[in-house]
Amino acid sequence: QVQLVESGGGSVQAGGSLRLSCVASGVMTRPYYMAWFRQAPGKEREGAASIGTDATISIADSVKGRFTISQDNAKRTLYLQMDSLKPEDTAMYYCAVALGGRQRWLLLQAPEYNFWGQGTQVTVSS
């Protein structure tokens, strides 16, 4: 089992920044991928960014150039730096882990992920 705990959400004005963190615990054998997903009310959960133990990074077009994903393997912590935030970025943000290898085109697909955190809310006002 893998446990994930997110933090760092909050309310900001458009153009502002937030940094999300996700601390992982439990057994995670390489290879694996960690990702950030988000879900706005009434919408499907969408992948924002993922990073693998092989350093493979995938970023959704909707956040490319504004969001940066990184990880600290020693601390088992995943980060999402979010800059130039827009009201449409308002959502619950979830951390997720996919154990085992994955094809790159699947890395932002929610069904590929085995474990999920409880989420942290991000609200961007105009």
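On a predicted model such as this, the values are computed, not experimentally measured, just so you know.
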| Under 3.5 Å, is there a donor-acceptor pair linking the side chains of Q3 and S25? | yes
| query | Does I57 reach the side chain of I69, with side-chain heavy atoms less than 4.5 Å apart? | reply | yes
| Shared hydrophobic cluster, M82 / V23 (ILVMFWY, side-chain heavy atoms < 4.5 Å) | no
| message | Once salt bridge (Lys or Arg N to Asp or Glu O under 4.0 Å) is applied, do any residues pair with K43, and if so which ones, sequence neighbours excluded? | response | none
| message | Would the distance check show the side chain of E6 and the main-chain N or O of G119 forming a donor-acceptor pair, the cut-off being under 3.5 Å? | response | yes
| said: Do R66 and S17 have side chains that approach each other closer than 4.5 Å (heavy atoms only, starting at C-beta)? | reply: no
| note | Shortest non-hydrogen pair, A40 vs T90, comes out as CB-O, 3.7 Å
| query | What are the two closest non-hydrogen atoms of A24 and L4, and how far apart are they? | reply | CB-CD2, 3.6 Å
| note | Distance col, row W36:CH2 vs L80:CG, nearest 0.5 angstrom, shows 6.5 Å
| Going by the salt bridge (Lys or Arg N to Asp or Glu O under 4.0 Å) test, which pairs reach into residues 76-88, not counting sequence neighbours? | none
| query | When rounded to the nearest 0.5 angstrom, what is the spacing between SG in C95 and CD in Q118? | reply | 11.5 Å
| field | Closest contact, heavy atoms only, P87 versus S126 | value | CG-CB, 3.9 Å
| query | So how far is it from T53 OG1 to Y32 OH, rounded to the nearest 0.5 Å? | reply | 6.5 Å
| request: For residues R104 and S58, determine if any side-chain heavy atom of one lies less than 4.5 Å from a side-chain heavy atom of the other. | output: yes
| request: Rounded to the nearest 0.5 Å, what's the gap from CZ on R38 to CD on Q121? Could you check? | output: 12.0 Å
| remark: Sorted by chain and number, sequence neighbours left out, salt bridge (Lys or Arg N to Asp or Glu O under 4.0 Å) with E112 holds for R102
| remark: Looking only at heavy atoms, the pair that brings G52 and Q71 closest together is O-NE2, 3.5 Å
| Would you say Q1 and F115 make side-chain contact, with heavy atoms under 4.5 Å? | yes
| Partners meeting salt bridge (Lys or Arg N to Asp or Glu O under 4.0 Å) with R30 (sequence neighbours left out) | none
| request: Say whether V124 and V63 are linked into one hydrophobic cluster, either directly or through other cluster members, by side-chain heavy-atom distances under 4.5 angstrom. | output: yes
| request: Dump the intermediate steps for side-chain contact (heavy atoms from CB on, under 4.5 Å) on R19 and Y79, then the final yes or no. | output: CA-CA 7 Å; R19 189 192 195 202; Y79 302 101; 3.6 Å; yes
| said: Measuring only between side-chain heavy atoms, which start at C-beta, is L20 closer than 4.5 Å to V122? | reply: yes
| V97 and M28, any side-chain heavy atoms less than 4.5 Å apart | yes
| task | Would you mind listing the cluster partners of W105? Hydrophobic ones only (ILVMFWY), side-chain contacts under 4.5 Å, chaining allowed. | result | L106
| said: Are L85 and L18 packed together at the side-chain level, in the sense that at least one heavy-atom pair is separated by less than 4.5 angstrom? | reply: yes
| Which residues, ordered by chain and number, are linked to Y94 in its hydrophobic cluster, where ILVMFWY side chains connect at heavy-atom gaps below 4.5 Å, directly or through other members? | Y33, F37, M92, L107, Y113, W116
